[in-house]
Amino acid sequence: MKQERHTGLWLEIVVIAASFLGLILLLYFVMVVSFQNGEQSTSVTMKVAEQVAVSIFDNPTQEQIKTVSRIIRYGAHLGLFFVVGIVMAFVSMVVFRRYFRIIGVLGAGFVCYVLAYYTEYYKQYIDGRHFQMSDVALNWYGSLAGITCMVISYFLNRLLVKLSS
């Protein structure tokens, strides 16, 4: 009995450490992507947009390529911060237990908002980049969607466990 509890404690420590490590690596990736200079960022987006536009349109115009580029950029903001929201909520739900999970989820939301705002805020100090409040909103909405998905999956899991027993 004591051996099982000791093994369970080590397993819990490993899960928490792995969760934090994954979160730190994800946040590092967000910072690397966010703090590229304007020329690099635009170049990568436009190359992808041209390839996508060619597969959609027979002979895409510059306006169509710019529209595809904008969609890709918006999707990247939403998608990246969706993953950040899921990971942040997961880590907070692993660390905080019982009724404290509410505090953990609220804390995850706060950290996601700060990250969403300041990754955009500091872009104004990078060559060729600028601060856009619409990008902050996209980051925040992506994070909220990720946190919401994690919370819903937690409650669905709890419901399924109750129904199966």
Side-chain angles (χ1 to χ4, degrees), residues 1-38 40-41 44-45 48 69-165:
M1 182 73 166
K2 191 174 184 177
Q3 177 67 22
E4 289 176 16
R5 205 160 84 212
H6 186 68
T7 304
L9 178 65
W10 276 109
L11 181 62
E12 189 172 327
I13 289 170
V14 167
V15 167
I16 290 171
S19 299
F20 270 111
L21 180 63
L23 178 62
I24 289 169
L25 289 173
L26 179 63
L27 294 178
Y28 175 75
F29 177 73
V30 168
M31 293 302 168
V32 167
V33 170
S34 294
F35 297 145
Q36 288 179 330
N37 69 32
Q40 273 182 313
S41 178
V44 170
T45 305
V48 173
S69 171
R70 193 172 308 118
I71 291 169
I72 289 171
R73 194 172 59 90
Y74 291 168
H77 281 280
L78 288 169
L80 183 60
F81 276 87
F82 177 81
V83 173
V84 169
I86 284 178
V87 173
M88 194 72 71
F90 176 79
V91 170
S92 74
M93 293 173 92
V94 166
V95 172
F96 293 97
R97 300 298 171 102
R98 302 183 193 268
Y99 299 108
F100 296 109
R101 279 200 172 109
I102 296 168
I103 295 169
V105 170
L106 292 174
F110 176 75
V111 170
C112 283
Y113 179 76
V114 168
L115 186 64
Y117 183 83
Y118 282 103
T119 55
E120 290 302 319
Y121 176 79
Y122 284 110
K123 284 183 183 178
Q124 64 188 333
Y125 301 110
I126 299 171
D127 289 335
R129 303 294 294 265
H130 53 278
F131 175 79
Q132 287 186 316
M133 198 62 188
S134 62
D135 288 350
V136 172
L138 288 170
N139 294 347
W140 175 232
Y141 295 148
S143 294
L144 279 181
I147 291 169
T148 301
C149 283
M150 182 53 79
V151 169
I152 289 170
S153 71
Y154 170 77
F155 283 116
L156 284 175
N157 183 40
R158 295 284 306 253
L159 178 65
L160 290 174
V161 167
K162 278 188 178 184
L163 290 175
S164 68
S165 58

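What you see below is based on every heavy atom in this structure, not just the backbone, and it leaves out hydrogens, waters and symmetry mates. Position 1 is the first residue of the sequence; numbering continues from there.
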- prompt: Any side-chain donor paired with an acceptor under 3.5 Å for Tyr154 and Arg158?
  reply: yes
query: Got a sec: does the CG of Asp127 have more than 12 other heavy atoms crowding it under 6.0 Å?
result: no
- request: Check step by step if side chain to side chain contact (heavy atoms under 4.5 Å, CB included) holds for Arg73 and Asp135.
  value: CA-CA 9 Å; Arg73 194 172 59 90; Asp135 288 350; 3.1 Å; yes
message: Measuring only between side-chain heavy atoms, which start at C-beta, is Ile147 closer than 4.5 Å to Met88?
response: no
Minimum-distance pair of heavy atoms, taken over all atoms of Ser69 and Thr45: OG-CG2, 3.2 Å
query: Between Phe110 and Tyr113, does the ring centroid distance fall short of 6.0 Å?
result: no
message: Between Ser41 and Gly38 (side chain of the first, backbone of the second, donor and acceptor by atom type, cut-off under 3.5 Å), is there such a pair?
response: no
- prompt: How many angstroms lie between CG in Leu11 and CD1 in Ile16, if you round to the nearest 0.5 Å?
  reply: 10.0 Å
message: Taking Gln36's backbone N and O only, do any of them form a donor-acceptor pair with Arg129's side chain (distance below 3.5 Å, no angle check)?
response: yes
message: Quick check for you: to the nearest 0.5 Å, what is the distance between Ser92 atom OG and Ile103 atom CD1?
response: 11.0 Å
query: Which atom names give the shortest non-hydrogen contact between Val30 and Phe81, and what distance separates them?
result: CG1-CZ, 4.0 Å
query: Can you check whether Phe90 reaches Leu23 side chain to side chain, under 4.5 Å on heavy atoms?
result: no
- request: Go through Tyr121 and Val136 one step at a time and tell me if the side chain to side chain contact (heavy atoms under 4.5 Å, CB included) criterion holds.
  value: CA-CA 9 Å; Tyr121 176 79; Val136 172; over 6 Å; no
- request: Any chance you could measure Phe82, atom CZ, to Thr148, atom OG1, to the nearest 0.5 Å?
  value: 9.0 Å
field: Ile102, CD1: over 12 other non-hydrogen atoms inside 6.0 angstrom
entry: no
Spacing of CG belonging to Leu27 relative to CG belonging to Leu115, to within rounding of 0.5 Å: 6.0 Å
query: Rounded to the nearest 0.5 Å, how far apart are CG of Asn37 and CD1 of Ile126?
result: 8.5 Å
message: Checking Gln132 against His77 for the side chain to side chain contact (heavy atoms under 4.5 Å, CB included) test, could you report, in this order, the C-alpha distance in whole Å, the side-chain angles of both residues, the deciding distance, and whether it holds?
response: CA-CA 12 Å; Gln132 287 186 316; His77 281 280; over 6 Å; no
- prompt: Within the distance-only criterion (no hydrogens, no angle test), does the side chain of Ser34 pair as donor or acceptor with the backbone N or O of Met31 below 3.5 angstrom?
  reply: no
task: Check the pair Val94 / Phe20 against side chain to side chain contact (heavy atoms under 4.5 Å, CB included), numbers first and verdict last.
output: CA-CA 10 Å; Val94 166; Phe20 270 111; over 6 Å; no
query: For Phe131, which of Tyr125, Tyr118, Tyr117 qualifies under ring-ring contact (aromatic ring centres under 6.0 Å, His included)?
result: Tyr117
- prompt: For Phe35, does the CZ atom sit with more than 12 other heavy atoms under 6.0 Å from it, leaving out its own atoms?
  reply: yes
